[in-house]
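What follows is one structure encoded as structure tokens, with my remarks underneath.
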Protein chains: 2
Amino acid sequence: MDEVLGFDPYNPDCPSRQLVDRIGDRWTILVIGVLSDGPARHGDLARRVAGISPKMLSQTLKGLERDGLLTRTVQPTSPPHAIYELTERGASLGPLLLAVENWARTHMQDVLDARHAFDEAAPR
Amino acid sequence: MDEVLGFDPYNPDCPSRQLVDRIGDRWTILVIGVLSDGPARHGDLARRVAGISPKMLSQTLKGLERDGLLTRTVQPTSPPHAIYELTERGASLGPLLLAVENWARTHMQDVLDARHAFDEAAPR
DNA sequence: CGGCATCCCAATTGATACTG
DNA sequence: CAGTATCAATTGGGATGCCG
């Protein structure tokens, strides 16, 4: 009772598969998570999404901009400022991803325990 | 108002980062999506998650089993049957991922349009 | 049929350094 | 400060082939 409305991520040829792929890349969830708190500059993002390289950040942002999930506004001041802000569409995705993030936080310990038990049971 | 409860995916050294990574791999979302409809056999999954290779399917399933998100039950019948079923924990994640899937389906056309417009505006 | 192991290629990723 | 270019390292992931 599901894939009846045109797009079906379960079909590898369907473009919506790309969307699932994008959402599921290492950084998209985190970047959108940060922007869900409000607009941020390139540097803010780099700081808050600890561990991301400038390259991946740019790449991720560009992809999201292309998909119309966020807007990029450059202020040509002396030190240039670039502001990223979620569009309405991007904002609509935010809560879903935050829910996932939150799930991860909530269940992390259980998962850690499960892994431990699993590794004990089947050593190598 | 967020990362105050022990685990913080924004910290690259936090194990919850791995969870986000796992959720965000190409297949986890789809596999859990299928299993949210009920238990399924290896072959069922291979068929419904079109495009996945047996290797990646096994790998994904093993990882999810290790994390305690699903159980694997083998029936040593003549042709062996392996049944995969979400645990309670896995089932709790299902709806969140289905929501994301559904979002992808709903907004795919808009995203496609946005991409087109973006590519027009900035050729190359 | 389920599924594990090996090999191998290609696409991603990351560190770093450099330019506007 | 924002963003890009280059290069090296990693790894995702497909194809096969072999066992239970």
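Here is the naming used below: chain letters follow the sequence lines, and residue numbers restart at 1 for every chain.
One interatomic measurement links the two molecules: NE2 of B/H42 to P of D/dG20, which rounds to 18 Å at whole-angstrom precision. If you measure from atom CG of B/D25 to atom P of D/dG13, you get 7 Å, rounded to the nearest angstrom. Rounded to whole Å, atom P of D/dC1 lies 10 Å from atom CG of A/D44. Note: CG (B/L30) to C1' (D/dG13) measures 15 Å, nearest angstrom. In this structure, the CG atom of A/L45 is 13 Å from the C1' atom of D/dC1, given to the nearest Å.
For the residue pair A/P12 and B/A50, the shortest heavy atom distance occurs at CD-CB, 3.4 Å.
Two residues are said to be in side-chain contact when any heavy atoms from C-beta on lie closer than 4.5 Å; A/H42 and A/L57 meet this criterion.
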Sequence neighbours left out, cut at 3.5 Å: what donor-acceptor pairs do the side chains of residues 21-36 of chain B make with other protein atoms?
| residue | atom | partner | partner atom | Å |
| --- | --- | --- | --- | --- |
| B/R22 | NE | B/D67 | OD2 | 2.4 |
| B/D25 | OD1 | B/W27 | N | 2.7 |
| B/D25 | OD1 | B/T28 | N | 2.8 |
| B/D25 | OD1 | B/T28 | OG1 | 3.1 |
| B/D25 | OD2 | B/T28 | OG1 | 2.8 |
| B/T28 | OG1 | B/R22 | O | 3.1 |
| B/S36 | OG | B/I32 | O | 2.9 |

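Partners of A/Q18 by side-chain hydrogen bond (donor to acceptor under 3.5 Å, both in side chains), not counting sequence neighbours, listed by chain and number: B/R115. Scored by the side chain to side chain contact (heavy atoms under 4.5 Å, CB included) test, B/P95 finds no partners at all (sequence neighbours excluded). Taking B/D113 as the reference, B/Q109 meet the side-chain hydrogen bond (donor to acceptor under 3.5 Å, both in side chains) condition, with sequence neighbours excluded. Residues passing the side-chain hydrogen bond (donor to acceptor under 3.5 Å, both in side chains) test with B/R17, sequence neighbours excluded: none. Residues that satisfy the side-chain hydrogen bond (donor to acceptor under 3.5 Å, both in side chains) test with B/Q75, not counting sequence neighbours, are absent from this structure. Legend: residues meeting side chain to side chain contact (heavy atoms under 4.5 Å, CB included) with B/P54, ordered by chain and number and at least two apart, are absent. For the side chain to side chain contact (heavy atoms under 4.5 Å, CB included) test, no residue two or more places apart in sequence or in another chain qualifies with B/P80.
Every pair passing ring pair (Phe, Tyr, Trp, His ring centres under 6.0 Å) that includes a residue from residues 47-104 of chain B is listed here, sequence neighbours excluded: B/W103-B/H107.
Of all nucleotides in DNA chain C having an atom under 4.0 Å from a heavy atom of chain B, the first and last in 5' to 3' order are C/dC1 to C/dC7.
Summary for the helix from C/dC1-D/dG20 to C/dG20-D/dC1: the axes at its two ends, each from 5 pairs, differ by 40° when rounded to the nearest 10 degrees.
Looking at which nucleotide of DNA chain C each of A/P80 and A/G51 is closest to, the 5′-most match is held by A/G51.
DNA chain D is contacted by B/S53, B/K55, B/M56 of residues 52-66 of chain B, taking any non-hydrogen atom closer than 4.0 Å.
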